[in-house]
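Below, chain A is the first sequence line, B the second, and so on; all start at residue 1. Just so it is clear, the values below take in all heavy atoms, side chains as well, and ignore hydrogens, waters and symmetry mates.
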There are 2 protein chains.
Amino acid sequence: MEPIYDQRAQVFKALCDPRRQKILALLQGGEKCACKLIEEMGMPQSSLSYHMKVLCASGIVVGREEGKWIHYRIDPAGSRRAVELLQAITTSSCDTDNNSCCCAHL
Amino acid sequence: MEPIYDQRAQVFKALCDPRRQKILALLQGGEKCACKLIEEMGMPQSSLSYHMKVLCASGIVVGREEGKWIHYRIDPAGSRRAVELLQAITTSSCDTDNNSCCCAHL
DNA sequence: TTATTACATCGAAAAAAATGGATTTGAAAG
DNA sequence: CTTTCAAATCCATTTTTTTCGATGTAATAA
């Protein structure tokens, strides 16, 4: 498979799991330390670490190191990029109201 | 896990696989019959059928039956719903410029 | 230094997703 | 009716993802 499709898939990989959806919902309330997320998610530390890695790989979440703590938050720029990507890949050429549609001449 | 997170995850499940990304890219060119997708994807019929089921479950793709053929296309309404959902779940309360942020009083 | 704390990584097992041939369904044609 | 064709479903296997205890790493505290 072409790497472009892997890259796109990686962004949405962050969003296709209910646990990561819940983590995102928790982060909507603002920046949270990993230890706080472990507690609120009720999962072992290694499991949360795994999910945070997937979330960060998508660019939607970023971690801020502060001493031995890491504070995670939703990155508005990453969110915007994901939204724009989703728009770009789910807009059919025939949806536009310009004349770029291949069927416009038929 | 709360069912709301499963529902959200299901939408993005359609987008987290490189094969489905490629199918979406093909559908951006306009409606396509399943047999055409099988040919262009180079995968067995049962595999394509599986991926189309995932894509349709997300609401982003819809199938139109015509005799014994099924024509698949990206549904603009489904696309819009997905984009709006993504926006809603990745916007932190602290990103808004109104006073609804919990930190606004600090 | 050693001890402790917070998190990442490892590694094996479990769970879930994907594959693909075989079969079934359902519609159109003969 | 039977045949044919397109697509869904079944099912066993393979692949990928997720889990979680154990271990490693890096920073702080004593």
(message) Under 3.5 Å, is there any donor-acceptor pair linking the side chain of B/Q45 to the base of D/dA8?
(response) yes
(message) I need the minimum non-hydrogen distance between A/K13 and A/R20, along with the two atoms involved.
(response) O-NH2, 3.0 Å
(request) Could you check how far CZ of B/R19 sits from C1' of D/dT14, rounded to whole Å? (result) 12 Å
(request) Take atom CD of A/E66 and atom P of D/dT28, then tell me their distance rounded to the nearest Å. (result) 11 Å
(request) Output the single nucleotide from D/dT17, D/dA7, C/dT9 whose closest atom is nearest the side chain of A/Y50. (result) D/dT17
(request) Check whether any side-chain N or O of B/H51 sits under 4.0 Å from OP1 or OP2 of C/dT19, and answer yes or no. (result) yes
(request) Using atom NE2 of A/H71 as one end and atom C1' of D/dA27 as the other, report the distance to the nearest whole Å. (result) 13 Å
(request) Starting from C1' on C/dA17, measure out to CG on B/D17 and report it in whole angstrom. (result) 9 Å
(request) Search all heavy atoms of B/S58 against all heavy atoms of B/V11 and return the closest pair with its distance. (result) CB-O, 3.4 Å
(message) If you assign each of A/C16 and A/K68 to its closest nucleotide in DNA chain D, which residue comes earlier from the 5' end?
(response) A/C16
(request) Enter the distance from B/E39:CD to B/L26:CG here, rounded to the nearest 0.5 Å. (result) 11.0 Å
(request) Find the distance B/E39:CD to D/dA6:C1' and express it as a whole number of Å. (result) 14 Å
(request) Using whole Å, report how far CE of A/M52 lies from P of C/dC7. (result) 10 Å
(request) Ignoring backbone atoms, establish whether A/S46 has a side-chain N or O less than 4.0 Å from OP1 or OP2 of D/dG21. (result) no
(message) Rounding to an integer number of Å, can you tell me how far A/I70 CD1 sits from C/dT5 P?
(response) 18 Å
(request) Using a heavy-atom cut-off of under 4.0 Å over every strand shown, decide if A/K13 touches base, sugar-phosphate, or nothing. (result) sugar-phosphate
(message) Please tell me whether A/Y50 and A/L27 are part of a single hydrophobic cluster in this structure, the criterion being side-chain heavy atoms less than 4.5 Å apart.
(response) no
(request) State whether A/K53 places a side-chain N or O below 4.0 Å from either non-bridging phosphate oxygen (OP1 or OP2) of C/dT9. (result) yes
(message) Whether the side chain of A/Q28 engages the backbone of B/T91 through a donor-acceptor N/O pair (distance < 3.5 Å, no angle test) should be reported.
(response) yes
(request) May I have the distance from A/L48 (atom CG) to D/dT18 (atom P), rounded to whole angstrom? (result) 13 Å
(request) Would you mind telling me which of D/dA6, C/dA8, D/dT19 lies closest to the side-chain atoms of A/S47? (result) D/dT19
